2 protein chains.
Amino acid sequence: MVQFVHPSRDDITLEGVLAALSDPMRLRIVKSMVGQPGCMSCTEAAPCPDMAKSTLSNHFRILREAGLIRTEKKGVEHRNVVRQDDMEARFPGLLKTILGFCDDPRRSNG
Amino acid sequence: MVQFVHPSRDDITLEGVLAALSDPMRLRIVKSMVGQPGCMSCTEAAPCPDMAKSTLSNHFRILREAGLIRTEKKGVEHRNVVRQDDMEARFPGLLKTILGFCDDPRRSNG
DNA sequence: TCAATGGTTCCATATTTATGAACTATTGAA
DNA sequence: TTCAATAGTTCATAAATATGGAACCATTGA
């Protein structure tokens, strides 16, 4: 049984967030998720279809442990959402500022 | 003869900046430099005195190549400044937003 | 010319990251 | 039940990156 561990809001660190977003792939994953109304499966949120499953899984784990996303098991899929409220409470404006400077991956090749 | 290569303003990338700032040591280096009126030597800007010279040198190289700082040789020292104007022009508000969330290293143990 | 200072570069080691293969959990069909 | 398909995770290993000691370079001052 896979259980996902998410840090509580106050345990989210600036360095963790920056490290998580310093990878181009993870930055694009978060960007694509923020632009989406609901939650997304790992495969849906992946901006790069030819990436190894294990690598993708690892990226989601890093985003999760940094506190950027929340993952819940729903059927056979894992549904992911960006923790925008927690991020805004912890680091007001940070996520919006950063994401505002990177291109939306679904606009270019969606 | 050591020559420092700095990226031009337009070549500064978001991912490069985030990667450079995702390291706790480099984040503190930049933070301590921004709070300073003039420029600082590598040793002065180092928030951690027991760090190996080679490691420190590597951190400054990464910050330089990311476009966050400018390094000039002045006598026996290397003088470093944060490229605040270039950063502001390229990614308005980003640096101030990020640095606003990390503690000033010289206030706690300066 | 020599010693001291402030870094850089090189190299070996340690840590981190990426990926294929094997595995787990859920769904749906027979 | 059982079987196949789907969606991810975990493990082991290969590749990339960070660390730090040693040697080195450039400048200053005696």
Side-chain angles (χ1 to χ4, degrees), chain A residues 1-6 13 15-30 32-33 36 38-66 68-82, chain B residues 1-6 13 15-30 32-33 36 38-66 68-82:
Chain A
M1 179 59 177
V2 181
Q3 282 291 74
F4 296 117
V5 179
H6 300 88
T13 67
E15 284 151 12
V17 170
L18 293 179
L21 294 181
S22 69
D23 181 277
M25 197 60 56
R26 292 195 290 268
L27 190 61
R28 298 181 68 190
I29 289 173
V30 172
S32 76
M33 289 175 70
Q36 212 67 6
C39 42
M40 302 175 82
S41 74
C42 297
T43 311
E44 285 172 346
C48 174
D50 56 339
M51 163 166 288
K53 285 195 302 179
S54 52
T55 306
L56 192 56
S57 177
N58 188 48
H59 283 318
F60 275 91
R61 182 182 58 75
I62 290 172
L63 289 172
R64 196 159 51 229
E65 290 177 0
L68 273 158
I69 67 172
R70 188 174 297 281
T71 305
E72 281 166 22
K73 188 148 197 173
K74 189 170 187 182
V76 73
E77 289 182 342
H78 294 181
R79 308 299 296 179
N80 300 283
V81 274
V82 176
Chain B
M1 179 60 180
V2 181
Q3 283 291 72
F4 297 118
V5 179
H6 300 88
T13 68
E15 285 151 11
V17 170
L18 294 179
L21 295 180
S22 69
D23 181 277
M25 195 61 57
R26 292 195 292 267
L27 191 60
R28 299 180 68 190
I29 289 173
V30 172
S32 76
M33 288 174 70
Q36 211 68 4
C39 41
M40 301 176 82
S41 75
C42 298
T43 311
E44 284 172 348
C48 173
D50 56 339
M51 162 164 290
K53 286 195 300 178
S54 53
T55 305
L56 192 57
S57 176
N58 186 49
H59 282 318
F60 275 91
R61 182 182 57 75
I62 290 171
L63 289 172
R64 198 159 50 229
E65 290 177 0
L68 272 157
I69 67 173
R70 189 175 297 280
T71 306
E72 280 168 22
K73 188 148 198 174
K74 189 170 186 180
V76 73
E77 289 182 344
H78 293 180
R79 306 301 295 181
N80 300 282
V81 274
V82 176

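Labels below follow one simple rule: chain letters A, B, ... track the order of the sequence lines, proteins then strands, and each chain is numbered from 1. Nothing here was measured: the structure is a model prediction, and the numbers come from that model.
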Note to self: Tell me every residue that passes side-chain contact (heavy atoms from CB on, under 4.5 Å) with B/I62, counting only those two or more places apart in sequence or in another chain.
What the structure shows: B/A20, B/R26, B/N58

Output one line per pair: protein atom, nucleotide atom from nucleotides 1-8 of chain D, and distance, for all N/O pairs under 3.5 Å.
{"unit_1": "D/dA7", "atom_1": "O4'", "unit_2": "A/V76", "atom_2": "O", "d": "3.3"}
{"unit_1": "D/dG8", "atom_1": "OP1", "unit_2": "A/C42", "atom_2": "N", "d": "2.8"}
{"unit_1": "D/dG8", "atom_1": "OP2", "unit_2": "A/T43", "atom_2": "N", "d": "3.3"}
{"unit_1": "D/dG8", "atom_1": "OP2", "unit_2": "A/T43", "atom_2": "OG1", "d": "2.3"}
{"unit_1": "D/dG8", "atom_1": "O3'", "unit_2": "A/H78", "atom_2": "ND1", "d": "2.9"}
{"unit_1": "D/dG8", "atom_1": "N7", "unit_2": "A/K53", "atom_2": "NZ", "d": "2.9"}
{"unit_1": "D/dG8", "atom_1": "O6", "unit_2": "A/K53", "atom_2": "NZ", "d": "2.6"}

Next item on the list: Taking side chain to side chain donor-acceptor pair (under 3.5 Å) as the test, write out the residues that go with B/S22, two or more places apart.
Entry: none

Note to self: Using ring-ring contact (aromatic ring centres under 6.0 Å, His included), reason through B/H78 and B/F4 one step at a time and then give a plain yes or no.
What the structure shows: CA-CA 10 Å; B/H78 293 180; B/F4 297 118; 4.9 Å; yes

Item checked: Counterpart residues, salt bridge (charged side-chain N to carboxylate O under 4.0 Å, His left out), relative to A/E72 (two or more places apart) ->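 A/E72: no salt bridge (charged side-chain N to carboxylate O under 4.0 Å, His left out) contacts found.
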
Next item on the list: Taking salt bridge (charged side-chain N to carboxylate O under 4.0 Å, His left out) as the test, write out the residues that go with A/R79, two or more places apart.
Entry: A/E44, A/E77

Check: If only atom types and distance count, is the side chain of B/N80 paired as donor or acceptor with the main-chain N or O of B/M40 below 3.5 Å?
Finding: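 Yes: the side chain of B/N80 pairs with the backbone of B/M40.
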
Next item on the list: Show your working on side-chain contact (heavy atoms from CB on, under 4.5 Å) between A/T71 and A/H6 and close with a plain yes or no.
Entry: CA-CA 8 Å; A/T71 305; A/H6 300 88; 4.0 Å; yes

Polar atom pairs (N or O), protein with nucleotides 17-21 of chain D, under 3.5 Å:
{"unit_1": "D/dG20", "atom_1": "OP2", "unit_2": "B/T55", "atom_2": "OG1", "d": "3.1"}
{"unit_1": "D/dG20", "atom_1": "N7", "unit_2": "B/S54", "atom_2": "OG", "d": "2.7"}
{"unit_1": "D/dG21", "atom_1": "N7", "unit_2": "B/S54", "atom_2": "OG", "d": "3.3"}
{"unit_1": "D/dG21", "atom_1": "O6", "unit_2": "B/S54", "atom_2": "OG", "d": "3.0"}

